[in-house]
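Please read the structure below before turning to the comments.
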Amino acid sequence: NHSSDPRGALIVLEGLDRCGKTSQSSRLLSYLEELGHAVESWRFPDRTTNVGQMISSYLANKSHLDDHTIHLLFSANRWEKRSLMESKLKSGTTLIIDRYSYSGVAFSSAKGLDMEWCKAPEIGLLAPDLVLYLDISPEKAAERGGYGEERYEQLEFQEKVAESYKTLRDASWKNIDATLPIEDVEKQLRETVLNCVETCGKGKPLSG
Ligand code: DGP
Ligand code: NA
Ligand code: NA
């Protein structure tokens, strides 16, 4: 690729369980596709890899792992996709990613693991251009369907995750009110995402 070719944007959706990230990422995918952008939607954990299958079994309470061990597996699962992620972005494909390093740090530190220890294995992964935090209270999220199926979907734990997320906000972060009707959440996301895709396409350097 020529260095002046537009690169894709790395856009991350974060939030508590049942905040609506998954349906919003598929809506964003179709929106950008219809506008003619090269775009893919990914998610972490990526349960299709060997590491991802260990994570999936842990989340379903079918296996038990030390808190540090599972933390490193989640991180390894992001590392195993790093080079593909970089080549997609460099070739001009925008990636919309459902959860990333912020989940890694927020969920593990909510268990009481040291925050700096949690951040360390994430260093060197690609930095997102935009992090969209779908903001909803743990109580409201718990009222949504399907809650409680997996290991972390417990109100008391999600309250701790919400506290951890608050300490992770940085310049790439944007809060979105996820308690609004689905179409209104989508509307807020569309403008922000389109702006990000255009800025990155004009040469904002990729970092991390
Ligand atoms: P999801 O497939 O988005 O529902 O995520 C599965 C669960 O795993 C969800 O409760 C969030 C949690 N999770 C996602 N990424 C990480 C991570 O890197 N570390 C830890 N400890 N938990 C994570
Ligand atoms: Na979940
Ligand atoms: Na999800």
Side-chain angles (χ1 to χ4, degrees), residues 10-29 40-82 85 95-128 131-168 176 178 185 208:
L10 179 52
I11 297 169
V12 169
L13 298 182
E14 286 283 359
L16 299 179
D17 285 298
R18 310 290 155 178
C19 67
K21 287 181 292 75
T22 308
S23 42
Q24 292 298 338
S25 49
S26 68
R27 283 166 177 251
L28 282 175
L29 177 75
E40 290 183 13
S41 96
W42 287 19
R43 68 181 310 154
F44 289 110
D46 176 343
R47 304 185 191 216
T48 66
T49 70
N50 289 331
V51 172
Q53 282 164 25
M54 291 175 72
I55 295 170
S56 191
S57 137
Y58 170 83
L59 289 171
N61 291 307
K62 288 181 183 144
S63 66
H64 299 280
L65 292 168
D66 167 75
D67 290 342
H68 300 81
T69 309
I70 187 65
H71 181 77
L72 295 171
L73 288 177
F74 272 110
S75 184
N77 186 235
R78 287 182 280 276
W79 274 101
E80 64 184 340
K81 306 294 284 195
R82 188 195 182 286
M85 190 183 275
L95 300 177
I96 296 169
I97 304 195
D98 186 342
R99 296 195 183 283
Y100 199 53
S101 301
Y102 300 86
S103 287
V105 177
F107 281 75
S108 289
S109 68
K111 297 174 179 174
L113 298 189
D114 178 72
M115 186 68 91
E116 293 311 310
W117 186 88
C118 290
K119 285 180 180 171
E122 306 299 315
I123 296 169
L125 291 172
L126 298 172
V131 180
L132 297 160
Y133 183 73
L134 271 61
D135 202 357
I136 185 171
S137 71
E139 292 74 19
K140 277 199 175 149
E143 290 163 8
R144 294 184 168 179
Y147 201 79
E149 282 164 12
E150 284 199 329
R151 185 182 283 268
Y152 296 141
E153 294 179 344
Q154 291 166 20
L155 183 54
E156 213 178 312
F157 184 69
Q158 297 281 324
E159 282 167 352
K160 290 182 185 153
V161 174
E163 287 307 307
S164 298
Y165 265 128
K166 279 186 192 157
T167 70
L168 297 176
I176 301 290
V185 175

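The analysis underlying the following values was restricted to heavy atoms, covering all of them including side chains, and did not include hydrogens, waters or symmetry mates. Every number for a ligand or one of its atoms is a count from 1 in the order of the listing. Predicted model, so just to flag it, every value in this text is computed and none were measured.
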Is Arg99 close enough to touch ligand 1? Criterion: a residue heavy atom under 4.0 Å from a ligand atom. yes
At less than 4.0 angstrom from any non-hydrogen atom of Gly104, what atoms of ligand 1 do you find? 17 (C), 18 (O), 19 (N)
Kindly indicate whether the side chain of Phe107, heavy atoms from C-beta on, has any atom under 4.5 Å from the side chain of Gln158. yes
Report yes if the side chains of His71 and Pro121 come closer than 4.5 Å at any heavy-atom pair, otherwise no. yes
Give the atoms of ligand 1, by number and element, whose distance to some non-hydrogen atom of Asp17 is under 4.0 Å. 4 (O), 9 (C), 10 (O)
Can Glu139 and Glu159 be said to form a side-chain contact (heavy atoms from CB on, under 4.5 Å), step by step? CA-CA 8 Å; Glu139 292 74 19; Glu159 282 167 352; 2.8 Å; yes
Quick check on contacts: which atoms of ligand 1 are under 4.0 angstrom from a heavy atom of Leu59? 6 (C), 7 (C), 8 (O)
Ser108 N/O under 3.5 Å from ligand 1 N/O: yes
Logged contact type for Glu153 with ligand 1, heavy-atom cut-off 4.0 Å, is neither
Have a look at ligand 1 and work out which part of Arg151, if any, has a heavy atom under 4.0 Å from it: side chain, backbone, both or neither. neither
With nothing but distance in play, are any N or O atoms of His71 less than 3.5 Å from an N or O of ligand 1? no
Which residue in the set Lys21, Arg78, Glu14 passes side-chain hydrogen bond (donor to acceptor under 3.5 Å, both in side chains) when paired with Ser103? Glu14
Are any of the N/O atoms on Arg47, whether in the backbone or the side chain, positioned under 3.5 angstrom from an N/O atom of ligand 1? yes
Residue Lys21 vicinity, atoms of ligand 1 by number, heavy atom under 4.0 Å: 3 (O)
Quick check: does Arg78 get an N/O under 3.5 Å from an N/O on ligand 1? yes
With a 4.5 Å cut-off on side-chain heavy atoms, are Ser57 and Met54 touching? no
When the ring centroid of Tyr133 is compared with that of Tyr165, is the distance short of 6.0 Å? yes
Purely on distance, is any nitrogen or oxygen of Tyr152 under 3.5 Å from one on ligand 1? yes
Test: Asp46 and Arg99 ion pair at under 4.0 Å: no
Which residues satisfy the ring pair (Phe, Tyr, Trp, His ring centres under 6.0 Å) test with Phe157, sequence neighbours excluded? Tyr152
